[in-house]
Amino acid sequence: TRSTRPQRLLGAVQKSATRGDPCSVVNAIDQFCRHTEWAMNVGDEKGCILDSVVSEVNPATVLELGTYCGYSTVRIARLLPPHAKLITLEFNPDFAAIARQVIAWAGMEEKVHLVEGASGEWIPKIKEQFGVKALDLVFLDHWKDQYLPDTKLIEECGLLRKGSVLLADNVIFPGAPQYLEYVRSSQQYESQYFKSHLEYTKVEDGLEKSVFLG
Ligand SMILES: Nc1ncc2ncn(CCCCCNC(=O)c3cc(-c4ccc(F)cc4)cc(O)c3O)c2n1
Ligand SMILES: [Mg+2]
């Protein structure tokens, strides 16, 4: 039977990237998605904005919602200090299976906990399961209509502290209008839009960075 797009993306990583070199994994995926087959990774252009936010926050604990093939997981993990933790939630077992291999190829297993399951089910378990007191950075890249309910759930679970940063992908395309309205109008957040493009295209998209004010 025909391979899947995630399987072909993993093949490109195993063919072109160096084991243990996260930058070569990121570059191999970008090359593949730009020149061979588009895939819904945050990509290189928005990825540079992601890098700058991760470097600025220098997080000890990161939550990623929506792993897909692990591109942004590797992109974030490569910038984290040795004992920092990245918890990434993936709903789709086939995506999770590929992401584990991409993360392993990059040599990032130590810093990454990949959890298979729905965000709504797992967010309430994070404190006890991972001994997390607060999330320093949340990267939202899962179902766009889940961004708002999951943000409210993260607040209700007491997972944010003064200065915690939410960074949301695709706020323009496919779009997360209700989420944008919420973080931009709430007194509890200081929001900033980083204009960019949908991965590997000329279509406008961007990232919204929202600092929790407590
Ligand atoms: N609740 C829960 N918990 C955990 C979970 N893990 C995964 N999921 C389900 C998420 C499924 C993938 C989400 N990502 C996207 O849909 C996405 C799409 C495009 C795109 C597509 C077609 C176009 F023509 C143009 C742009 C581009 C992007 O950058 C995207 O991120 C979960 N859900
Ligand atoms: Mg995305």
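Order of appearance sets the numbers: ligands from 1, and atoms from 1 within every ligand. In this chain, numbering begins with 1 at the start of the sequence shown.
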Quick check: does any side chain N or O of W122 sit under 3.5 Å from a backbone N or O of V115, one acting as donor and the other as acceptor?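 It does not hold such a pair.
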Side-chain donor/acceptor of S164 to backbone N/O of R161, under 3.5 Å: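 Present.
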Sequence neighbours excluded, every pair satisfying ring pair (Phe, Tyr, Trp, His ring centres under 6.0 Å) that has a member inside residues 161-188: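 Every ring pair (Phe, Tyr, Trp, His ring centres under 6.0 Å) pair that includes a residue of residues 161-188, provided the two are not neighbours, is Y147-Y179.
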Does D141 come within less than 4.0 Å of K144, counting only side-chain N to carboxylate O?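 A salt bridge links D141 with K144.
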Please find the N/O/S atom of D169 nearest to the Mg ion (ligand 2) and write down its name.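 When I compare the N, O and S atoms of D169, OD2 is nearest to the Mg ion (ligand 2).
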To check your reading of the site, what angle at the Mg ion (ligand 2) do OD1 of D141 and OD1 of N170 form, to 10°?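 Reported to 10°, the angle equals 90°.
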Just to be sure I understand the cut-off, which residues have at least one non-hydrogen atom under 4.0 angstrom from an atom of ligand 1?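 Correct list: W38, M40, G66, L89, E90, F91, G117, A118, S119, D141, H142, W143, K144, Q146, D169, N170, F173, P174, L198, E199.
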Could you tell me whether the Mg ion (ligand 2) has an N, O or S atom of E199 under 2.8 Å away?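 E199 does not place any N, O or S atom closer than 2.8 Å to the Mg ion (ligand 2).
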Restricting to N/O/S atoms, is S72 within less than 2.8 Å of the Mg ion (ligand 2) or not?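 No, S72 does not qualify, because none of its backbone or side-chain N, O or S atoms lies under 2.8 Å.
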In residues 22-34, what donor-acceptor pairs under 3.5 Å come from side-chain atoms, sequence neighbours left out?
residue, atom, partner, partner atom, Å
S24, OG, T18, N, 2.9
S24, OG, T18, O, 3.3
S24, OG, D21, O, 2.8
N27, ND2, C23, O, 3.1
D30, OD1, Y71, OH, 2.9
D30, OD1, Y200, OH, 2.7
D30, OD2, Y71, OH, 2.7
R34, NH2, D44, OD1, 3.1
R34, NH2, D44, OD2, 3.1

Decide yes or no for L140 and N170: does some side-chain heavy atom of the first lie under 4.5 Å from some side-chain heavy atom of the second?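 Not in contact.
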Any side-chain heavy atom of R100 sitting closer than 4.5 Å to one from E90?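 With C-beta onward as the side chain, the pair stays apart.
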Clusters formed by hydrophobic residues whose side-chain heavy atoms approach within less than 4.5 Å: which one holds W143, and what are its other members?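 In the cluster with W143 are F91.
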